2 protein chains.
Amino acid sequence: MKTTILLADDHRLVREGLRRLIEEREDFRVIGEATNGEEAVELVKTLRPDVAILDISMPRLSGIDATRKISKIGSDTKVLILSMHANQSYVEEVLRAGALGYVLKDAAAADLMQAIEAVRSGDSFLSPSVTHHVVEALARPEDRPAVAASQLTGREREVLTLIADGLSSKQIAEKLGVSLKTIESHRANLMDKLDIHKVSGLVRFAIRAGLVAP
Amino acid sequence: MKTTILLADDHRLVREGLRRLIEEREDFRVIGEATNGEEAVELVKTLRPDVAILDISMPRLSGIDATRKISKIGSDTKVLILSMHANQSYVEEVLRAGALGYVLKDAAAADLMQAIEAVRSGDSFLSPSVTHHVVEALARPEDRPAVAASQLTGREREVLTLIADGLSSKQIAEKLGVSLKTIESHRANLMDKLDIHKVSGLVRFAIRAGLVAP
DNA sequence: CCGGGAATTGGGGAAAACCCTGATTTAGCG
DNA sequence: CGCTAAATCAGGGTTTTCCCCAATTCCCGG
């Protein structure tokens with residue numbers, strides 16, 4: 001029985017390349033591709049793959065949020081996260097969300113294969129180079145953009161993104177259909193959580209955390 | 001005669017995936033891989049590939065800077081840039097740096113092949129979706145960071161940098177030993193010149209222009 | 001099924017940013 | 001020597017941000 005795999009990454013070339021890599025293994029089979037988190041969740045529901053390989057940064061629904069949803073629907077699908085950044089120890093958050101594996105995009109193909117095998121059988125797997133970073137990162141809890149960003153509520157993250165996109169509180173309030181005061185409140189709360197009290201700092205934080213492009 | 005190719009991307013999995021994609025074509029051959037810009041430049045010198053495929057964001061030396069150096073060493077190697085962002089202003093800069101092609105990472109594999117063929121024979125190639133953005137970008141000279149930043153006076157650039165660093169006008173005034181009103185004036189002037197009227201926009205502009213780090 | 005805490009929603013007021021107008025001084029340049 | 005660009009400062013106004021507070025809803029665990 002082949003291991004069935006769902007591949008989710010917003011970059012088509014990357015997706016196609018990974019598919020070739022994976023399908024060199026006769027016992028692996030890619031049965032679906034998704035270009036964003038929502039699509040990935042849907043495909044997991046319908047296709048029931050053994051393993052879902054999710055890029056951590058995808059539009060509509062991040063890999064982390066998608067992982068949470070996939071865990072909740074109670075399928076047997078195991079989640080393997082692909083991430084670009086070694087420094088960003090999303091790892092903790094990702095594992096808490098229910099993923100079994102975390103592989104860096106600069107890992108060797110062999111590592112990915114090993115990771116797929118591992119999560120397929122219910123084991124967890126971290127890229128060797130990640131383990132090191134995890135330890136380091138745990139020693140330095142301050143200033144970890146990705147982790148700090150995950151402390152924010154969904155609404156707060158949403159507001160932060162819009163602030164970084166250049167909208168005023170008023171515009172954000174209109175866009176989200178709530179009162180100006182509500183947005184100001186979210187703004188105050190997220191500034192408090194991040195301990196960043198300037199728009200300039202928020203923008204740079206949002207960029208480092210991958211919420212918006214420079 | 002096969003078309004020889006150098007592949008430069010800092011993510012190994014992406015690199016290996018692309019290699020598989022490319023080598024499905026019998027007339028293409030990947031003769032080297034680089035993990036950063038400097039390495040790419042070195043390998044172009046020694047291997048003399050027909051085409052160098054460079055990721056735009058790489059450590060040590062960006063794809064853009066690597067392109068500049070490759071152009072200068074006067075080899076026959078043609079540069080093809082791979083980018084994540086359909087981003088406006090990169091394209092122009094990349095082409096000015098001497099690249100012949102610009103392909104998005106979410107393009108189809110077939111597009112990449114077409115692009116390789118094109119640049120190999122000296123033609124230029126842009127991802128279809130990019131062409132549109134280029135035209136738009138040319139119509140709006142203000143989103144060309146480097147160029148627009150040079151329109152600013154020294155003092156204005158200085159103030160912009162401090163704004164992006166998170167200082168208030170009052171703090172900037174103290175730091176530079178001038179009146180608050182003076183800083184507000186510089187602030188107003190540079191906002192007018194750049195036609196950016198939000199701190200968030202200024203910060204992102206400053207980052208893109210290389211005035212401050214993210 | 002219900003209490004508690006978090007998330008989300010709001011208000012008031014002081015501070016800062018933003019906009020428009022105008023002014024003086026200095027330095028460079030044909 | 002006028003002319004222009006840059007840098008300096010100011011008044012007075014609107015808008016936005018930011019901080020202290022409180023009411024509601026919603027979900028989770030006992």
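These numbers were taken from a predicted model, which means no experiment stands behind them. Labels below follow one simple rule: chain letters A, B, ... track the order of the sequence lines, proteins then strands, and each chain is numbered from 1.
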In whole Å, what is the span from the [atom1] atom of [X] to the [atom2] atom of [N]?
| X | N | atom1 | atom2 | result |
| --- | --- | --- | --- | --- |
| A/Lys198 | C/dA16 | NZ | C1' | 8 Å |
| A/Gln171 | D/dT15 | CD | P | 14 Å |
| A/Ile183 | C/dT8 | CD1 | C1' | 10 Å |
| B/Ile172 | C/dC18 | CD1 | C1' | 14 Å |
| B/Glu156 | D/dA5 | CD | P | 13 Å |
| B/Leu190 | D/dT8 | CG | P | 13 Å |
| B/Arg187 | C/dC19 | CZ | P | 10 Å |
| A/Leu180 | D/dT17 | CG | C1' | 10 Å |

Please determine whether a side-chain nitrogen or oxygen atom of [X] lies at a distance below 4.0 Å from atom OP1 or OP2 of [N].
| X | N | result |
| --- | --- | --- |
| A/Lys170 | D/dT16 | yes |
| A/His197 | D/dC19 | yes |
| B/Thr182 | D/dC9 | yes |
| B/His186 | D/dT8 | yes |

Ignoring the backbone of [X], work out which of [options] is nearest its side chain.
| X | options | result |
| --- | --- | --- |
| A/Glu184 | D/dC18, D/dA10, C/dA16 | D/dC18 |
| A/Ser169 | D/dT17, D/dT8, C/dA16 | D/dT17 |
| B/Met191 | C/dC19, D/dC18, D/dA7 | C/dC19 |

Under the 6.0 Å and 45° cation-pi test, does A/Arg25 pair with A/Phe28?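 Positive - A/Arg25 is close enough to the ring of A/Phe28 and near enough to its axis.
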On a whole-Å scale, what distance lies between the P atoms belonging to C/dC18 and D/dC19?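 So the two P atoms sit 16 Å from each other.
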Assess whether one donor atom and one acceptor atom, taken from the side chain of B/Lys181 and the base of C/dG22, lie less than 3.5 Å apart. no
Residues A/Lys105 and A/Asp55 bridged, charged N to O under 4.0 Å: yes
So does A/Lys175 pair up with A/Glu158, basic N to acidic O under 4.0 Å? no
Hey, could you give me the [atom1]/[atom2] distance between [X] and [Y], rounded to the nearest 0.5 Å?
| X | Y | atom1 | atom2 | value |
| --- | --- | --- | --- | --- |
| A/Leu18 | B/Leu21 | CG | CG | 9.0 Å |
| B/Met191 | B/Leu160 | CE | CG | 9.5 Å |
| A/Leu162 | A/His186 | CG | NE2 | 11.5 Å |
| A/Glu33 | A/Thr35 | CD | OG1 | 9.5 Å |

Within the structure shown, what part of the strands sits under 4.0 Å from B/Ser168 by heavy-atom distance: base, sugar-phosphate, or nothing?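 Sugar-phosphate: the residue B/Ser168, judged by heavy atoms under 4.0 Å, touches backbone atoms but no base.
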Can you tell which of A/Ile81, A/Val79, A/Leu80 makes a side-chain contact (heavy atoms from CB on, under 4.5 Å) with A/Tyr102? A/Ile81
Which pairs, protein N/O on one side and nucleotides 21-24 of chain D N/O on the other, fall under 3.5 Å?
none

